[in-house]
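Beneath this line is the structure, given in structure tokens, with notes to follow.
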Protein chains: 2
Amino acid sequence: MKSILENISKHISLTVEEEQLFFSKIEVQHFKAKTILLNAGEICKYSYFVNSGLLRSFNINDNIVEHVLHFACEGWWIGDMYSLLSQKPGNLFIEVMEDSEIVLLSKENQEQLYFEIPKLERFFRILTENSLVAHQERLMDNLSLSAEDRFDKFCKRYPTLIQRVPQKQIASYIGVTPEFFSKMKSKMLRK
Amino acid sequence: MKSILENISKHISLTVEEEQLFFSKIEVQHFKAKTILLNAGEICKYSYFVNSGLLRSFNINDNIVEHVLHFACEGWWIGDMYSLLSQKPGNLFIEVMEDSEIVLLSKENQEQLYFEIPKLERFFRILTENSLVAHQERLMDNLSLSAEDRFDKFCKRYPTLIQRVPQKQIASYIGVTPEFFSKMKSKMLRK
DNA sequence: ACGAATACTTAATGTAGGTTAAGAAATGTT
DNA sequence: AACATTTCTTAACCTACATTAAGTATTCGT
């Protein structure tokens with residue numbers, strides 16, 4: 001339970017009372033691998049913070065092909081931002097990939113916290129800014145780099161995930177089919 | 001000069017004094033088409049708000065190919081978020097595409113404003129959230145849609161830009177070469 | 001420990017989109 | 001008006017990646 005406070009204290013500092021208030025607004029739950037926390041078509045009610053374990057968000061195209069938007073391991077937040085902000089049904093699934101301990105912060109509680117602890121507005125602003133920068137870079141990478149280069153960047157940026165995530169989901173994240181990914185990987189190893 | 005206050009009042013309400021303070025922190029400048037406001041390799045010092053005209057941000061790959069990250073016309077903000085936040089040299093160019101009236105808000109002034117008018121923290125948080133949602137959708141579109149479908153979405157989302165932006169830059173935005181875009185367009189017209 | 005899923009590999013064939021090149025149309029500048 | 005520059009088109013050929021299919025390895029659930 002220390003982890004989420006550490007995460008917050010990287011950007012703002014809370015008093016003990018504020019920490020208490022924050023804790024009163026969140027809940028911690030344990031989930032088994034393969035649990036679906038959110039289905040496409042549902043309204044996303046929570047931001048999820050990963051204390052331990054691993055989650056992913058993805059959509060499904062034409063009812064067949066999955067595309068991974070995001071992985072989230074220890075210390076990361078995840079959610080369906082579109083649905084969370086608009087409170088409309090989203091396109092994303094959120095799935096638990098390993099048995100996980102998750103902090104849930106509901107949309108209502110998050111907004112209450114903004115009023116009660118305005119500093120948190122800053123905290124989430126900064127998180128969102130960082131996420132935006134990461135998405136912009138990934139977008140530009142998809143426009144300008146080959147699959148091989150995108151995989152290289154993925155390895156450098158998320159070295160721990162490579163062991164933990166099935167290869168076909170890394171393929172999906174970087175935007176190629178599992179078959180092509182397999183071929184590409186063995187070609188890269190031969191070098 | 002009304003435009004930027006309208007933009008802000010969509011999300012928060014400022015008192016007259018706060019509006020005055022805000023105005024004291026910004027400057028308005030006019031630029032001719034083709035002016036480069038920011039070069040790759042430079043540190044981005046401003047957020048730019050477009051009162052009138054049109055800007056774009058893009059990078060250049062291998063010193064040859066441009067990739068458009070963003071267009072910004074009346075009422076939009078633009079900048080190099082990575083460089084602005086980190087204060088390190090970025091990869092983006094920002095170019096004026098039409099004679100424009102631009103509001104400049106420096107990084108320092110923006111941070112001062114966060115302290116003096118905490119509500120602005122909320123305003124920029126909301127802007128950033130919306131931008132993040134848009135980028136996530138564009139990323140997923142690039143992973144899962146054909147060039148034709150991406151162009152359709154572009155037309156629906158930014159109908160006014162189609163008349164104003166050279167076709168090769170729309171091609172760049174959706175992630176294809178100008179030659180392929182031309183071929184694709186004439187094929188779509190034939191239907 | 002066993003069978004059933006799930007994940008990975010390999011290979012043949014297909015295609016969306018890239019590259020190169022050259023000319024035509026539009027636009028900008030004096 | 002005239003020239004230069006930029007933008008757009010067309011067409012032949014090329015390649016990165018997708019699809020289909022079949023077989024093998026690994027993991028999971030009981």
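Below, all heavy atoms of this structure are taken into account, side chains as well, without hydrogens, waters or symmetry copies. Letters A, B, ... mirror the listed sequences (proteins, then strands); counts begin at 1.
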> Thinking salt bridges, do B:R150 and B:D141 make one under a 4.0 Å N-O criterion?
Replying inline: no

>> How would you summarise protein contacts on nucleotides 12-30 of chain C per nucleotide, using B for base, S for sugar-phosphate only and - for none, with heavy-atom distances below 4.0 Å?
In response: -----BBBBB---------

>> Assess the residue pair B:Q87 and B:K45 against the criterion (side chain to side chain donor-acceptor pair (under 3.5 Å)); give the C-alpha distance rounded to whole Å, side-chain angles, the decisive distance to 0.1 Å, and a yes or no.
In response: CA-CA 8 Å; B:Q87 288 295 292; B:K45 301 211 178 321; 4.6 Å; no

>> With a 4.0 Å cut-off on N to O distance, would you call A:K119 and A:E19 a salt bridge?
In response: no

> Taking the six-membered ring for Trp, are B:F123 and B:H11 parallel (under 30°), tilted (30 to 60°) or perpendicular (over 60°)?
Replying inline: tilted

> Does the B:S13 side chain pair with the main chain of B:S9, one donor and one acceptor, at a distance under 3.5 Å?
Replying inline: no

>> What is the distance, to the nearest angstrom, from the CG atom on A:L189 to the C1' atom on C:dC8?
In response: 13 Å

>> Is it the case that the side chains of B:Q110 and B:E108 hold a donor-acceptor pair, with the cut-off being a distance below 3.5 Å and no angle test?
In response: no

> Counting distance only, does the side-chain N/O of B:Q169 pair as donor-acceptor with the main-chain N or O of B:F71 below 3.5 Å?
Replying inline: no

>> Rounded to whole Å, please give me the gap between CD in A:E98 and C1' in D:dC28.
In response: 15 Å

> Strictly under 6.0 Å, is that where the ring centroids of A:W77 and A:Y46 end up?
Replying inline: no

> Under a 4.0 Å heavy-atom cut-off, which of residues 155-174 of chain A touch DNA chain C?
Replying inline: A:P166, A:Q167, A:K168

> D:dC17 C1' sits how many Å from A:N142 CG, rounded?
Replying inline: 14 Å

